[in-house]
Amino acid sequence: MTTPIGDPRFPNDQAIEFVREFRVTVAPGYENRAKLKTSPPLFLLRVPRASYRSGVDGVVAALTGALRQRVPFAHLPAGTGEEADARLLSVSAGTQLQRSTPQHMTPDRLPRYHVMCDLVEYIRSNPQEWATTADQEAGLRTHAGERRAHRGGPLAFTRMEGPSLDGLAGFLAGLSWLSFVQLLPRWLWARRISRKVMRGWLGAEPVAQGSGSLFRVMDRVAAERSVQLMDDPAHEEALQEFDWLVLRALLEDLRRPAIGRILPGRRRRTSRPVLFVEVPPPGEPGARAAERFLRSLHRAQATAGPPGPLVIAVGVPSEELLRDLGGPVESTFPEASVRLADHTTPGGPPVLVTVSEAALAAGGVPVLPVRPRTFRFGRHVPTAIVGGVAVLALLAGGLLLPPVLFPPSRDCLGGTGSVADSAPKEPVPVQANAWYEAAVKTIEDQNARAENYARQGRTVRTAVAFVSDPPTTDDETRFDGTIPELRGIAMWQQKLNREAAADDSLIPLRVEVREAGIAFRDAEKEAKRLVAELKDEKSGPASERVVGVLGYAQSRNETQAALRVLGEAGIPTIGTTATADEMLTGPAARTYWPSTPVNSREARIEADFASTKNIVAEPGSEDRCTPAGHAIVIESSADLYSDSLARRFVAEFDGTHQVFDFNQEGEFGSAPLAGAVSQPNAALLARELCEALEDEPDSVVYWSARAKDFTALINSMDTSGTCTSRDVTVLGGNELTNVAQTGAFAEKDWLRLYYSAHRLPDDDPKASDRTVQFVDEYDAYVEVTTGGRDPWRQDGHSAVSYDAFHVLSEAVREAGLTDPAVERKSVRLVLGAGIAFDGATGYVSYDGANAPPHDKTLVLMRQSGTRPEAVLVCGAYRQGESSEDQGPPCAD
């Protein structure tokens, strides 16, 4: 287990033991998870004031990089502007913890936190209510019930409209609906949650004054604080109490369930939540909010029982804060590691460690990724299994007969057709230069429109879109996704700038299209050139100031290096179709937000799909299929995307496998998959592949290499014809959409092709109105700007780039509400806070972490001629949907 060169490293002030204990404290071995029963003290890592920003970034990036997507954690940045000090960091902490919890691990529900957040939010937003009416207990209860119903779950049905009838029958039906469907369930919920909070912790606090009702207590608190809030919405004393109330509720939720024993929830607590708090120097924006949170934590830890989260505050704490926290004695990292290992005194003094300037400048200590045990299914699965044992025992005799009378289905998923069915005789003709120039021309026209806005005094900014060099031949066009990606960018820019004419809150955007070489070979150089240009950007027009970057449609070593360059410069970047997990390493882990699911998720779903679904034709039969028992994996080890996807598929696939390392340029990585056979020749690979299919007839060919190499192999197999007498099933990644839908395999009636994509076809019954609307807009755009038949009507590249630009423009708009200069750091903060909307690719919901949108949709297609059919849809395609509810292979 190693950390890649260039990843953030922890300052080396004799910190190796501290880093080791950090990993054990967060995620001990499964057999030692009893260590999670304790509550660690608060750790204050003080950095030099002169190096505050770089010091905080270095420490936090090194530690969060070891936790990402494995352990629930919250990163609470300082924020900027006047609003930074009015924030309640406890609210952000709970939101991030719940969204970052890996599936099927606990704690995964925070009921006390949510209700306290709702009540505090209502009080802060409506302090005048208590100036006119003394008793608002019922109003608080109603607001909390409405918010709970809005979040979904058992109370969601109470938001439904009642029956619409006339006369007395309508009156009685409406009264019954209001009483028994809306009011009664919410009243019962309010009683239950009030009892939980009061009996759990609030009833023992002085603020409760002996009351037994949560809503009565909060009504009194609001009445006392309303005058302060009306005079000053950011009144420090009021905010301190609200911050403590929310944080104390969160700590109570994090205690449950208990650890160990046999219940599924207890056994699934395999890691400890972690909170990282940035503490700016006194007087700077965000300092009050951070210190307020730490005071709340110190107070809350005195009464909260274990287990508790690990909280690490990094920055420049004031002397006043240190006094309020009990005057911690300065420690070294070796001493701090002892406190990490032996934290048996809840509410004890914090641990203060000063990080030296020399340690920040040195190479640092790598923080290896933590590896807590994960679970494939939700806790309801083992619970249901235990409950069903008795039933199975009673019905065992009856269950022996049905499999004989009713054997499992052997129908082929998606039908028995091949890619040649209904396909045109020749591949769809393409016009490389004309189509590329048409998309660029739209962007240039919209840039002129944005400049006109700027001359009128409107705020206008610039986004940079990095694309590969435009294809020059028909074949290159089919292998490349540049044209549909540029179309998506052009379409969103056109929509944004058009709607900005009526909506003053929108910020029109210019787009600079920058080519980064064939297959992004010049990506790092172009990124460095952009960073160099931005050093002098304020000398030019404000409209040319860059607020973010779009693009990098491919995961390559060059694009990975480019993201690190942009990350070091703090430039927010919204990815398009690059999917390798490795793109989120080093400095990019702070500034890069992918738009599509990462390879680890795609490979897990595809591996489960291949081993459980009927996709491989049975020998001697064209209309009967079986799951794959063997996988023939074809990768390109020198290609970051290919190697990443292949490794993860091999690790997740339940059957046996063998690997071929294929690259026609003869470029092979230094560490291919174990047992891989290197092969640069398509004809020779076709022969070896046919031999492997002969030996293992239940094989699926898993393709992770590039589309050009795939086409060469398929053509070679068709030419030799040694194994095309029976159908061959290929399962591949999103790379194959570039060529599959162009009709390039029109005559390959032996090829059954499944591949991943990022939006549903518009004619799919599950397609949302937003997806259908996008396709209609895309058709209209293509008809106006280009000639000839379009091969990518159902391809996801245009929709992904359309949504990616939507994300960036929304972040720019929200940043402009508080920062008239619309600086890049403000855009980063908005992205860090989270953005959600219904997009062309489905529901897009960033939860603040530098990761793909939460539970982002992944579609598996079955290609038949030029018409793809969705055979699996995983993720939150619509708001409220969840992979966990969709079951395998979508759920872990």
Side-chain angles (χ1 to χ4, degrees), residues 10-11 13-15 18 21-22 25 39-60 63 74-79 84-85 87-90 93 234 236-237 239-244 247-248 251 274-304 308-340 342-360:
F10 193 82
D13 251 349
Q14 297 180 307
F18 179 85
E21 288 298 338
F22 168 81
T25 299
S39 295
L42 166 65
F43 285 81
L44 289 169
L45 307 185
R46 182 164 54 188
V47 300
R49 181 161 187 159
S51 304
Y52 162 70
R53 187 68 268 162
S54 62
V56 168
D57 286 349
V59 171
V60 173
L63 297 179
H75 174 204
L76 308 179
D85 284 319
R87 295 184 305 152
L88 297 182
L89 295 189
S90 55
E236 187 60 32
E237 184 181 340
L239 294 187
Q240 185 70 71
E241 181 162 50
F242 291 147
D243 199 52
W244 167 74
L247 181 58
R248 185 61 183 81
L251 294 182
V274 186
L275 306 180
F276 298 98
V277 187
E278 293 187 11
V279 186
E284 292 195 7
R288 285 172 50 198
E291 296 198 351
R292 180 190 313 127
F293 177 83
L294 296 179
R295 290 186 177 96
S296 298
L297 178 70
H298 186 63
R299 176 184 174 186
Q301 283 182 326
T303 57
L310 172 60
V311 183
I312 299 179
V314 190
V316 187
S318 66
E319 292 301 321
E320 181 182 2
L321 173 66
L322 295 178
R323 286 196 302 270
D324 292 345
L325 298 182
V329 178
E330 182 116 9
S331 304
T332 63
F333 274 116
E335 293 169 336
S337 67
V338 175
R339 291 292 302 277
L340 261 178
D342 182 23
H343 37 74
T344 57
T345 307
V351 179
L352 175 64
V353 182
T354 298
V355 183
S356 67
E357 194 81 64
L360 292 174

Sequence neighbours excluded, the answer for salt bridge (Lys or Arg N to Asp or Glu O under 4.0 Å) partners of Glu330 is Arg46
- Can you list the residues that meet the salt bridge (Lys or Arg N to Asp or Glu O under 4.0 Å) rule with Arg299, with sequence neighbours excluded?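 Salt bridge (Lys or Arg N to Asp or Glu O under 4.0 Å) list for Arg299, sorted by chain: empty.
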Applying side-chain contact (heavy atoms from CB on, under 4.5 Å), name anything that partners [X], two or more places apart in sequence or on another chain.
{"X": "Ala290", "value": "Leu89, Val277, Val279, Pro280"}
{"X": "Ala84", "value": "Pro285"}
{"X": "Asp85", "value": "Arg288"}
{"X": "Ala336", "value": "Phe18, Phe43, Val351, Val353"}

When rounded to the nearest 0.5 Å, the distance separating CG of Leu63 from CZ of Phe10 is 5.0 Å
Could you report the tightest heavy-atom contact between [X] and [Y], atom names first, then the distance?
{"X": "Gly315", "Y": "Pro317", "result": "O-CD, 3.4 Å"}
{"X": "Val355", "Y": "Pro11", "result": "CG1-CB, 3.6 Å"}
{"X": "Pro48", "Y": "Ser356", "result": "CG-C, 4.4 Å"}
{"X": "Ser337", "Y": "Glu21", "result": "O-CG, 3.7 Å"}
{"X": "Pro282", "Y": "Ala287", "result": "CA-CB, 4.3 Å"}
{"X": "Phe293", "Y": "Leu275", "result": "CZ-CD1, 3.9 Å"}

(Q) Are Arg339 and Ser331 packed together at the side-chain level, in the sense that at least one heavy-atom pair is separated by less than 4.5 angstrom? (A) no
Answer yes or no: does atom CD of Gln14 have more than 12 heavy-atom neighbours from other residues, nucleotides or ligands under 6.0 Å?
no
Enumerate donor-acceptor pairs with a distance under 3.5 Å from any side-chain N or O in residues 319-329 to protein atoms, sequence neighbours excluded.
| unit_1 | atom_1 | unit_2 | atom_2 | d |
| --- | --- | --- | --- | --- |
| Asp324 | OD2 | Arg295 | NE | 2.6 |
| Asp324 | OD2 | Arg295 | NH2 | 3.1 |

Partners of [X] by side chain to side chain donor-acceptor pair (under 3.5 Å), sequence neighbours excluded?
{"X": "Arg292", "result": "Glu236"}
{"X": "Glu284", "result": "none"}
{"X": "Ser296", "result": "Gln240, Asp243"}
{"X": "Glu278", "result": "Arg53, His75"}

